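Worksheet: the structure to be examined is printed underneath.
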4 protein chains.
Amino acid sequence: MEIMRKSFASDNNSGVHPVIMKAIEDANRGHVIGYGDDPFTEKALKLCKEHFGEDSETFFVFTGTAANVLGVSALIKPYNAIICAQTAHLNEHECGSPEKYTGCKVIALPSNDGKITVDQIKEHLSGQGNQQYSQVKVIAITQPTELGVLYTIEEIQILSEFAHSHGLYLVMDGARIANAAVRLKKNLKQVTLDCGVDVLSFGGTKNGMMFGEAVVFFSSNMAGDFKYIRKQGMNLGAKMRFISAQFNAYLTDNLWYENALSANTMASYLETRVKDIKGISIPLPVSTNALFPILPPAAIPHIRKKFFFYMWDEKIHQVRWMTSFDTEKKDVDEFAEVIKKYVEEYNFL
Amino acid sequence: MEIMRKSFASDNNSGVHPVIMKAIEDANRGHVIGYGDDPFTEKALKLCKEHFGEDSETFFVFTGTAANVLGVSALIKPYNAIICAQTAHLNEHECGSPEKYTGCKVIALPSNDGKITVDQIKEHLSGQGNQQYSQVKVIAITQPTELGVLYTIEEIQILSEFAHSHGLYLVMDGARIANAAVRLKKNLKQVTLDCGVDVLSFGGTKNGMMFGEAVVFFSSNMAGDFKYIRKQGMNLGAKMRFISAQFNAYLTDNLWYENALSANTMASYLETRVKDIKGISIPLPVSTNALFPILPPAAIPHIRKKFFFYMWDEKIHQVRWMTSFDTEKKDVDEFAEVIKKYVEEYNFL
Amino acid sequence: MEIMRKSFASDNNSGVHPVIMKAIEDANRGHVIGYGDDPFTEKALKLCKEHFGEDSETFFVFTGTAANVLGVSALIKPYNAIICAQTAHLNEHECGSPEKYTGCKVIALPSNDGKITVDQIKEHLSGQGNQQYSQVKVIAITQPTELGVLYTIEEIQILSEFAHSHGLYLVMDGARIANAAVRLKKNLKQVTLDCGVDVLSFGGTKNGMMFGEAVVFFSSNMAGDFKYIRKQGMNLGAKMRFISAQFNAYLTDNLWYENALSANTMASYLETRVKDIKGISIPLPVSTNALFPILPPAAIPHIRKKFFFYMWDEKIHQVRWMTSFDTEKKDVDEFAEVIKKYVEEYNFL
Amino acid sequence: MEIMRKSFASDNNSGVHPVIMKAIEDANRGHVIGYGDDPFTEKALKLCKEHFGEDSETFFVFTGTAANVLGVSALIKPYNAIICAQTAHLNEHECGSPEKYTGCKVIALPSNDGKITVDQIKEHLSGQGNQQYSQVKVIAITQPTELGVLYTIEEIQILSEFAHSHGLYLVMDGARIANAAVRLKKNLKQVTLDCGVDVLSFGGTKNGMMFGEAVVFFSSNMAGDFKYIRKQGMNLGAKMRFISAQFNAYLTDNLWYENALSANTMASYLETRVKDIKGISIPLPVSTNALFPILPPAAIPHIRKKFFFYMWDEKIHQVRWMTSFDTEKKDVDEFAEVIKKYVEEYNFL
C-alpha cells in the first residue's frame with residue numbers, strides 16, 4: 001500500500017506517536033470492564049485533574065466534533081445562542097452539528113484572524129430577555145484560532161470576565177491547545193482555567209494521538225449529567241481503555257508539550273525558509289503550527305501536485321500549510337525547495 | 001496496573017486480537033489524507049463490497065450507538081416511528097439516542113427472547129396515514145438478539161417481505177452478526193442482504209477490534225447523503241485509517257469468522273459445564289456467545305466476587321454470561337468450578 | 001354550506017359557546033400591543049392565579065399538542081424519559097411530537113382504562129443513574145384518561161408523592177380537566193395543585209372555546225424560561241388578546257364548570273338510554289363525557305351513517321361516543337333511537 | 001378595560017376586520033368534524049388553489065413562526081443550511097425555532113434593506129459536496145422585507161433561477177405578501193409562483209385576520225407529508241373551521257387586497273406628512289406599510305409616550321412605524337402632529 005510522503009495539508013495526516021502507540025499496545029492485556037470503569041481510565045482522569053485542577057471533570061470522546069458539540073450542549077438549552085467567529089470550526093466545519101444537536105442558533109462574527117472581541121459580542125446582546133430572540137449563553141473561542149493566531153492570556157481574561165458578568169459561559173475549542181500553550185510558555189491550566197475558561201475541548205488527535213478528544217469541565221458542578229450526554233451523543237467508547245491509555249502517555253513526561261513544540265518549531269522554520277521568496281506573502285503571524293500564505297495562483301497547482309494541501313481562500317489565492325509532531329527539518333527543506341521553484345517560476349501575475 | 005482475569009461480563013471486556021493490533025501498527029506509517037480519503041479506507045471499502053455485495057455502501061463510525069442511530073436516521077423523518085423489541089439495544093441501551101437524534105418514536109414490543117414477529121408489528125400499523133400518529137417506517141431487529149437468540153433465515157425473510165410490502169425498511173443491529181453467521185453456517189451476505197435486510201449495523205468491537213463499527217447500506221441509493229449524517233453525527237474519524245486497517249484485517253483470512261467461532265464454542269462449552277448443576281436453569285437456547293442462566297440468588301454475589309458479570313433480571317435471579325474471542329477453555333473451566341461450588345452451596349431457596 | 005347535526009364523534013366537533021364568542025367580539029376594539037402585553041392577557045393571567053394558586057404561572061398556547069409537549073419540555077433534558085400510559089395522547093396522538101421536540105424517550109405502559117400505577121412505573125426505574133439508559137424524569141397522566149376514566153384524588157396523590165420522592169415531576173394532561181373536576185365535585189386547584197401536580201395542560205378547546213390551551217406551572221420557578229420555549233415552539237400568538245379573552249370568559253361565572261357539567265350529564269343520560277339494549281356492553285365506567293361501548297359489529301356502519309363517530313378498537317368492536325357542552329337531551333334521544341334500532345336489528349353475531 | 005388608541009407600533013396591534021369577524025361568527029353553527037375535514041376548510045383550500053394555482057397545496061397553521069419553520073422543514077434535512085438576510089424573521093425573530101426544529105444552520109447575510117443577492121449567496125456555496133459543511137438547500141427571502149422594501153419581480157426571478165439551477169429551493173416569507181402584491185400591482189400568484197417561489201408563508205394575521213397563517217407549496221409533490229409535519233409541529237387546529245372561515249373571507253371579494261391597499265396608502269400618507277419635517281430622514285423607500293425614519297434622539301421618548309412604537313436601531317436613532325388595515329387618515333394626522341411637534345422641539349443634536 002502506497003503511503004504519502006510527509007504532508008503539509010493537515011496535522012491529522014500524521015500517524016501516531018510511537019510512545020502513544022506503545023501505550024495502546026501495553027493496554028492490550030487481559031480483560032477490563034467496558035465504558036470507562038477500568039484502571040487505565042481511572043489513571044487518565046487523575047492525570048487530567050493534575051493538569052486542569054482538582055475541581056475539573058474530564059470525559060473522553062472520539063471526535064473533535066463531539067468534544068465541541070457535546071461540551072457546549074451541557075451548558076445550554078435550545079433557545080440559547082452560541083457566539084463564535086465565522087471561521088470557527090464550531091460554525092463552519094462541523095456540518096451543522098451544533099445546531100442539530102443543541103437546537104441552538106450559532107451567531108457567526110466576521111473575523112480575519114479567527115479572533116473575536118467583546119465589542120463584536122455586545123452587538124448581539126440587544127435581544128437578551130426578549131422572547132423573540134435566541135438568548136446568547138455561550139461565547140466560543142478557538143485557541144489557537146483556525147488561522148493559527150493566538151489570543152493573549154489577557155484577551156481571554158477579558159472575554160471570560162465579560163462572559164461571566166453577563167451570565168454567559170466561555171468555551172474554548174482547544175483542538176490545538178498544546179500548540180498554544182507551548183508558544184505562550186504556559187502550562188495547560190494557565191491557558192484555560194486560569195484565564196476563566198469554563199469548558200475546554202482538549203484535543204489529542206492532531207498532536208500525536210490515534211483518536212480521542214476530551215471535554216474538560218473546569219467546575220465539577222457543570223459536569224453532573226455529562227455521562228448521559230456523551231452516551232446519547234454516540235461517543236461513549238466500549239473499550240475506553242484504548243482512549244485513556246493514549247491520554248496517559250500524552251499527559252506524562254511532557255509528551256503533549258514536546259509534540260507541539262516540534263510542530264511549532266517546524267512551522268517557524270518553514271516560515272523562515274519561504275517568507276523572503278518573491279511572490280509569497282504571509283499576512284498573518286505564524287504563532288503555532290500553521291501558515292496561511294498567499295501565493296501566485298499559477299504556482300499553486302504545481303506545488304500541490306508534489307505536496308497536497310488545501311486552499312483556504314480561492315479569491316485571494318491563500319492556502320493553508322500545517323506542520324505535525326513528526327514533521328522533520330528535511331521535510332520542510334524539501335517542501336520549501338518545491339515552493340521556491342514554482343513560486344519563482346510562476347510569479348508573473 | 002492491575003488487570004482483571006478473563007471476564008464473562010461482556011465481550012467488550014476483552015482487548016484487541018493480535019492480528020488486528022498488528023494491522024493498526026502497520027498502518028502507522030507516514031502521512032495519509034484524513035477523514036477517509038486514504039488507501040487503507042479504500043481497501044476496506046472494497047472488502048466490504050466483496051462481503052456485502054457490489055451495490056452496498058459502507059461507512060465506518062466509532063460506536064455501536066452511532067451505527068444504530070445514524071444508520072436509521074438516513075431512512076426516516078422525524079414523524080416516523082421505529083418498531084423493535086423492548087429488549088433491543090436501540091430501545092433500552094442507547095440512553096435515548098434514537099429519539100434524540102432522529103426525533104422519531106420508538107415503539108417497543110414485548111419479547112422474552114428479543115425476537116419480534118409480524119403479528120406484533122401489525123398491531124401498530126393502524127395509524128398509518130393518520131396525521132395524529134407517528135408513521136412506522138423502520139422495523140429494527142437484533143441478530144442475534146440481546147438475549148443471544150437467533151432469528152432463522154426464514155424468519156428474517158418473512159420480516160423483510162412484510163416490511164417491503166408495507167413500504168417499511170428492515171434494519172439489523174448486527175453488533176454480533178459474526179456470531180450469528182457462524183452459528184447459521186452462512187457468510188455475512190447470506191445473513192443480511194440475502195434475507196432482505198436494508199441497512200446493517202456491522203459490529204467489530206465485540207469481536208476482537210479495538211473500536212470501529214460500520215453502517216452498511218445494501219442499496220447504494222440509500223446512502224447518498226450519509227457522509228453528511230456521519231459528520232453531523234459526530235462520528236467522522238480524522239485518522240480514519242486506524243478504523244479501516246482494523247476492518248481490513250477483520251475481513252481478511254476469515255478473522256471475523258474465527259473469532260466468533262471461538263467465542264460461540266466457548267459459550268457452548270460453558271453451557272455443557274454448568275447445565276446439569278442442580279440449581280441452575282438456562283431457559284433460553286445458547287445459540288451464540290451468551291448464556292442467561294437463572295441461579296440461586298444467594299449464590300450470585302459469591303460468584304460475582306470471583307468473576308464480575310451483570311444481573312439481567314433481578315426479579316427472577318437471571319444473570320448474563322458472555323464469552324469473547326479470547327476466552328479459553330481453561331477460563332471456562334475455572335469459571336465453571338466457581339459456579340458449581342457456590343450454586344451447590346447456596347441452592348437451598 | 002351544509003353543517004352536520006350534533007355529533008357524538010368528539011367534543012371538538014362542537015363550535016364555540018356564545019359567551020366565549022361574545023368575549024372575542026368584545027375584545028375586537030382598537031389596538032393593543034401584540035404577543036401578550038395587553039390588558040386582556042393581564043386579566044386572564046390574574047384569573048389563572050385565582051384558580052390555580054398565587055405561585056402558579058400560566059402561558060397560553062394554541063394547541064393541546066403544544067400544551068402537552070412544551071410544558072414537559074420545560075422540565076427535562078433530552079436524555080430523560082417520560083412515562084405515561086400507552087393510550088396517553090402524549091404517546092399515541094401527537095404524531096411523535098414529544099420525541100421530536102424534547103428528544104426524550106416516551107415509555108408507554110399498558111393500560112386498559114388509561115390509568116397507570118406506581119408499581120408499573122417502578123419497573124422502569126432500574127436504569128436510573130446508569131449512563132446507558134434514558135433517565136426517567138416525568139410521570140405524565142391524563143385526567144380524565146383518554147378512555148373517560150378518572151383517577152381519584154388519592155390515586156393522584158400517591159403518584160405525586162412517589163414522583164417527588166424519586167426526583168420526578170408529575171405532569172397532567174388536562175385537556176378535559178373541567179369534566180374531571182365536575183365529576184369529582186372539586187375546583188380546579190383541588191384536582192391539580194392540591195394533589196401534587198407540577199405542570200398542567202389546561203384545556204379549553206374541548207369545552208366550548210374556539211382555540212386556546214394553557215400550560216400551568218404550579219411553581220413559578222419552573223416557568224422561568226417558558227416564554228422562550230413557547231416562541232421557539234411556534235405557539236406564541238401575535239394577537240394574544242383573542243386567546244386571553246376566551247379564558248377570561250371561561251374562568252368567570254363558572255362557565256368552565258357549567259359547560260363540563262352539561263357534557264357529563266348528557267353522557268350519563270346517553271348511558272342510561274342505551275345500557276340496557278341487548279347487544280351493547282359498556283365495559284368502562286362512564287365518569288365524564290365519554291362512552292366506550294362494544295356493539296354488534298354489523299350494526300356499527302349503519303349507526304355511523306346516521307351519526308359519525310370513531311372506532312376505538314376494531315378487534316373487539318369497541319367505539320367511542322363523546323358529548324359536548326352543547327349536546328342537548330333531544331340530540332341524545334335521537335342518537336339513542338338510532339342506536340337501539342340498529343343494535344337490535346343486527347345483534348345476531 | 002382600557003384600550004390603546006390606534007398604534008403605529010406593528011400591524012399586529014390591530015384587531016380583526018369586521019368581515020372576517022362576521023365569517024367567524026357564521027362558522028359557529030352546529031358541529032363539524034375536527035382537524036380540517038370540514039366544509040369550511042374544503043372551501044378555503046379550493047380558494048387557495050384559485051389564487052395560487054391548481055398544483056399548489058395549502059396548509060393552515062396558527063403562527064407565522066410555524067408557517068416559516070414548518071414550511072422549510074418539509075424541504076430539508078438537518079445537515080442542510082438555509083440562507084437568508086440577517087434581518088430576516090427566520091434568522092432574528094423566531095427565537096431560534098428554525099435551528100431547533102429543522103436542525104439546520106441558518107446562514108445570515110448582511111443587508112441594509114433586508115434584500116439579498118445571488119452574489120452574496122454564491123460566497124456560501126464553496127462547501128457544497130464537502131462533508132465538513134452544512135449543505136445549503138434553501139434560499140429564504142421576505143417580501144416585502146422586514147424593512148418594508150420590495151424585491152422586484154425580476155429580482156425574485158433571478159434568485160429563483162439561481163436556486164433551481166443549483167438544486168436549491170426558494171422560499172418566501174410572505175407575512176405581508178398582500179402589501180407587496182398591492183404595490184407591485186400584481187395578484188398573489190404573480191408575485192409568488194410566477195416568479196419561481198417554491199414555498200410561501202402566506203400571512204393573514206398582520207392584514208386583518210384574528211389568527212391563521214398558511215404554508216403554500218406550489219408543487220403538490222413537495223407537500224406529500226406535510227400533514228404529519230404540521231401535527232408534530234404543534235400547529236394542527238382542532239376546530240380548524242375557524243381558521244378556514246377567516247381565509248374564506250380573506251380570499252373573497254378582494255378583502256386581502258383592500259386591507260393591504262389601505263395600509264399601504266396610509267403609510268404613504270404618513271411619509272408625505274413627515275418627510276419634510278426638519279430633523280427627520282427616511283433612508284429607505286416607503287414601498288408598503290412600514291417606515292423606518294431616523295429621528296432626533298431626544299424627540300423619540302416624547303413621541304413614544306403618546307404613540308408607542310419600537311426602536312429599530314438604537315445606534316442611529318432609527319425607529320419603525322407601521323400602518324394597519326384599519327389605520328385611518330385622522331390617526332395619521334394626529335400621529336404626524338405629535339411627531340412634528342417633538343421633532344422640531346428636540347432637533348438640536
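First the proteins, then the strands, lettered A, B, ... as listed; each starts at 1. Everything numeric here is computed off the predicted structure, so don't read it as measured data.
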Do C/Phe211 and D/Phe211 make the cut of ring centroids closer than 6.0 angstrom? yes

When you look at D/Tyr101 and C/Gln232, which way does the side chain to side chain contact (heavy atoms under 4.5 Å, CB included) test go after all the steps? CA-CA 8 Å; D/Tyr101 207 74; C/Gln232 196 177 43; over 6 Å; no

Among C/Asp326, C/Ile229, C/Val61, C/Val69, single out the residue with the greatest number of heavy-atom pairs under 4.5 Å to chain D. C/Asp326

Least distance between heavy atoms, C/Lys239 atom then D/Met209 atom: NZ-O, 2.7 Å

Side chain, backbone, both or neither: which part of D/Leu236 has a heavy atom under 4.5 Å from chain C? backbone

Whatever's closer than 4.5 Å to a heavy atom in chain C on D/Thr205 counts as both

Heavy-atom pair of closest approach, residues C/Thr63 and D/Asn235: CG2-CA, 4.2 Å

Of the non-hydrogen atoms in D/Lys231 and C/Cys95, which two are nearest, and what is the gap between them? CG-CB, 3.6 Å

Between D/Met234 and C/Gly233 the two heavy atoms that sit nearest each other are CE-O, 3.6 Å

What part of D/Met21 gets within 4.5 angstrom of chain C, counting heavy atoms only: side chain, backbone, both, or neither? side chain

D/Phe309 versus chain C, the contacting section by heavy-atom distance below 4.5 Å: neither

Given that the side chain runs from C-beta out, which part of D/Tyr228 has a heavy atom under 4.5 Å from chain C: side chain, backbone, both or neither? both

For chain D, find which of C/Gly34, C/Ser14, C/Ala66, C/Ala238 contributes the most heavy-atom pairs closer than 4.5 angstrom. C/Ser14

Between D/Glu99 and chain C, with a heavy-atom cut-off of 4.5 Å, which part of the residue counts as in contact: side chain, backbone, both or neither? neither

